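All values reported here derive from a predicted model rather than from experimental measurement.
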Amino acid sequence: MGFEFNLLAVVLAAVSSFMLGGLWYSPVLFGRAWNEENGGVPTAGHPAKVFGVSFVFSLVAALAFASLLGPAPALAHALGMGLLVGFACVAASFGINYQFANRSFKLWLIDGGYHTAQFLLFGLVLGLWH
């Protein structure tokens, strides 16, 4: 594991996953179902803070994933690692927490599905742009 990566590709990966999240959690896809599974009331928060902190976390995740992949990953390897990390590490960890918090399987599918797609998108960007 090294710390050699294309910083612009990492930023693009973070921006693209942030945009995916905007679509994923919008009423067009899973926003309504996500709100219903969370009790039906959207949480309040200052939008600048919510989006700013969320983007920082996306950037941290993209940087860590790029470090894991190395400087010039093959596309198939980057996508495979994206699936592995997104589903087997992130979504599975959410699954453990959701069981103890008594959250629904549907909510886990929405949140775990997003993070699986997020890391697949990281893999796509980092596998194509070295």
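Pairs of residues two or more places apart, or lying in two chains, that qualify as ring-ring contact (aromatic ring centres under 6.0 Å, His included) and include a residue from residues 58-88 are Phe65-Phe119. Sorted by first then second residue, the side chain to side chain donor-acceptor pair (under 3.5 Å) pairs that include residues 13-32, not counting sequence neighbours, are Tyr25-Asp111.
For Asn97, the side-chain contact (heavy atoms from CB on, under 4.5 Å) criterion is met by no residue, not counting sequence neighbours. With sequence neighbours excluded, the residues forming a side-chain contact (heavy atoms from CB on, under 4.5 Å) with Ile96 are Phe100, listed by chain and number. For Leu109, the side-chain contact (heavy atoms from CB on, under 4.5 Å) criterion is met by Phe105, not counting sequence neighbours. Under the side chain to side chain donor-acceptor pair (under 3.5 Å) criterion, Ser104 pairs with Glu37, not counting sequence neighbours. Ala92 pairs by the side-chain contact (heavy atoms from CB on, under 4.5 Å) definition with nothing, not counting sequence neighbours. For Phe57, there are no ring pair (Phe, Tyr, Trp, His ring centres under 6.0 Å) partners at least two apart in sequence or on another chain.
Note that the CZ atom of Phe5 and the OG atom of Ser67 stand 4.5 Å from one another [nearest 0.5 Å]. A distance of 8.5 Å separates CG in Leu12 from CG in Leu126, rounded to the nearest 0.5 Å. Remark: Met81 CE to Leu68 CG distance equals 4.0 Å, nearest 0.5 Å. To the nearest 0.5 angstrom, Ile110 atom CD1 is 12.5 Å from Phe94 atom CZ.
Chaining together hydrophobic side chains whose heavy atoms lie under 4.5 Å apart leaves Val50 on its own.
In terms of heavy-atom proximity, Phe122 sits nearest to Ser58 at CZ-O, 3.7 Å. Of all heavy-atom pairs between Leu124 and Leu79, the closest is N-CD2, 3.7 Å.
Residues Phe55 and Val15 are in side-chain contact: their nearest non-hydrogen atoms beyond the backbone lie under 4.5 Å apart. Using a 4.5 Å heavy-atom cutoff, the side chains of Val90 and Thr116 are not in contact.
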